[in-house]
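Written out below as structure tokens is the structure these notes cover.
Every number for a ligand or one of its atoms is a count from 1 in the order of the listing.
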Amino acid sequence: MFGGKTYMQRGSVYLALVIILLMITLLASEETPSRASLFDVQRPFSASSSSVCNYAKGKWVADKKRPLYSGFECKQWLSSMWACRVMGRPDFSFERYRWVPRGCNMPQFNRFTFLRRMQNKTIAFIGDSLGRQQFQSLMCIATGGKESPEVKNVGWEYGLVTPKGAPRPDGWAYRFPSTNTTILFYWSASLSDLIPMNNTDPPPLTAMHLDRPPAFMRKYLHRFNVLVLNTGHHWNKGKIEGNHWVMHVNGTRVKGKFLKDISHAKAFTIHSVVKWLDAQLLLHPRLRVFFRTISPINWNGNCNNTVPLSRGSEIKGNGGSMDRVVESAVNGTRVKILDVTALSELRVEAHIAGSKLKPKKPSNVTSTAPTVNDCLHWCLPGIPDTWNELLIAQI
Ligand SMILES: *[C@@H]1O[C@H](CO)[C@@H](O)[C@H](O)[C@H]1NC(C)=O
Ligand SMILES: *[C@@H]1O[C@H](CO)[C@@H](O)[C@H](O)[C@H]1NC(C)=O
Ligand SMILES: *[C@@H]1O[C@H](CO)[C@@H](O)[C@H](O)[C@H]1NC(C)=O
Ligand SMILES: *[C@@H]1O[C@H](CO)[C@@H](O)[C@H](O)[C@H]1NC(C)=O
Ligand SMILES: *[C@@H]1O[C@H](CO)[C@@H](O)[C@H](O)[C@H]1NC(C)=O
Ligand SMILES: *[C@@H]1O[C@H](CO)[C@@H](O)[C@H](O)[C@H]1NC(C)=O
Ligand SMILES: *[C@@H]1O[C@H](CO)[C@@H](O)[C@H](O)[C@H]1NC(C)=O
């Protein structure tokens, strides 16, 4: 805060009044942002332009108008493994809640308004499968789950095509022709640059450059208007060794103890990518970058609770994020935090666990289909829809 109090003590009542008036103006303009102008006016970001409200604080309220699309629909984009309606989950009370941030002016989501605001713009998600969930959610809420044959697959424009022999491309890009809005996802679980090491002995190793953002991000950044990043759940020994990723910094293999600790390596990478983007934001004034905080996982494997809000419905107080790593990385930069951790953690019942896996082909074993025990991903429609509502409210 700037020192209104000090000025008062000096007896400069006039100055104090001016400051108070200035602050009131600032507060008022933050509360009723002129939606259309946010992108047009090249509003300089400043680390101190703290927003009036914190979207991460607030409460879940019952809302009969939810969900924003049906889990039986949106087949064009929704993976069936995440569509709990299709997968035969028996209870769906978790779908009927809406997050209400405390003290924020957050209009109800309207897909037509959203697309109009995003005219000629590109929204990019780069991250892991939780980022992919948020991407699919945005496609579903933007179409209302309706069949939308007019939406064009423009993956080729971003090199997102299935490589020979691969099961799928590294990402997807779709364009709404009515508003020329593009929404894309690129898979980068670690947000670091991955380069094959071309070693002759198997297994094939991949250099993981912790201080270098993925090549895709560097190549296409200038085409994005909104970029949403996430990482987290791949930073463990099992995944890193399983993928044969070898950590590199400054172009050489990491030998020191510090980065051998995976949580340090993760924090180092998050800080590096944020630092790089902070510098890039000066060159791309129309770009908004958000770092989404970690999506909570229930490590006890006990997320088979089906009672909504059994952990409470409200996040109170003025404390910071539960994700200290992302919070400290973005602090003082032009990159914004999309803080979803605490509000998602209240919704343990909205994880996928409990769905019945339906066999891919009709068979005679349906009744004994195994139960999926996924306490990491979320049913869609579900919690990632809320992450998008919070994102949209802030762009
Ligand atoms: C779509 O938007 C891009 C900028 O994002 C612009 O370059 C292009 O001309 C637009 N296309 C149409 C048909 O309006
Ligand atoms: C979108 O792009 C087209 C083509 O460049 C342009 O004619 C139109 O004015 C743009 N619309 C907005 C809202 O930027
Ligand atoms: C391995 O080969 C690929 C393809 O030729 C190349 O792009 C990459 O830079 C090489 N990696 C190293 C560490 O030399
Ligand atoms: C990378 O290089 C920088 C600058 O030369 C140096 O400060 C840093 O310690 C190096 N980091 C590692 C892990 O080698
Ligand atoms: C839920 O999980 C706990 C712990 O894994 C287990 O003891 C319990 O039986 C489960 N309940 C249901 C309804 O599956
Ligand atoms: C952000 O940085 C400032 C100044 O370096 C520090 O005082 C503050 O505690 C930091 N805030 C968080 C949430 O890390
Ligand atoms: C159904 O079960 C029978 C007997 O176990 C088996 O021969 C048959 O292949 C099964 N059908 C399918 C579609 O799996």
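Here the CE atom belonging to M247 is positioned 4.0 Å from the CD1 atom belonging to I240, to the nearest 0.5 angstrom.
There is a protein heavy atom less than 4.0 angstrom from atom 11 (N) of ligand 4. Shown here, atom 5 (O) of ligand 2 is out of close reach of the protein: none of its heavy atoms lies under 4.0 Å off.
For the side-chain contact (heavy atoms from CB on, under 4.5 Å) test with T182, the passing option among Y158, Y174, F224, F176 is Y158; the others fail. Residue I262 is tested with K239, K237, H234 for a side-chain contact (heavy atoms from CB on, under 4.5 Å); the sole match is K237.
Close approach to E327 involves these atoms of ligand 6, each under 4.0 Å from a residue heavy atom: 13 (C). Atoms of ligand 2 found under 4.0 Å from any heavy atom of N120, numbered from 1 in the order shown, are 1 (C), 2 (O), 3 (C), 8 (C), 10 (C), 11 (N), 12 (C), 14 (O).
Remark: minimum distance from atom 13 (C) of ligand 4 to any protein heavy atom is reached at V249 CG1, 3.7 Å. Looking at atom 3 (C) of ligand 6, its nearest protein heavy atom turns out to be N331 ND2, 3.6 Å. Atom 9 (O) of ligand 4 has as its closest protein heavy atom N250 ND2, 4.8 Å.
Cation-pi contact between R347 and F94: absent, since separation from the ring centre below 6.0 Å together with deviation from the ring axis within 45° is not met.
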When you look at T143 and W77, which way does the side-chain hydrogen bond (donor to acceptor under 3.5 Å, both in side chains) test go after all the steps? CA-CA 10 Å; T143 56; W77 295 288; over 6 Å; no
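Salt bridge annotation for K152-E157: absent, with no cationic side-chain nitrogen under 4.0 angstrom from a carboxylate oxygen.
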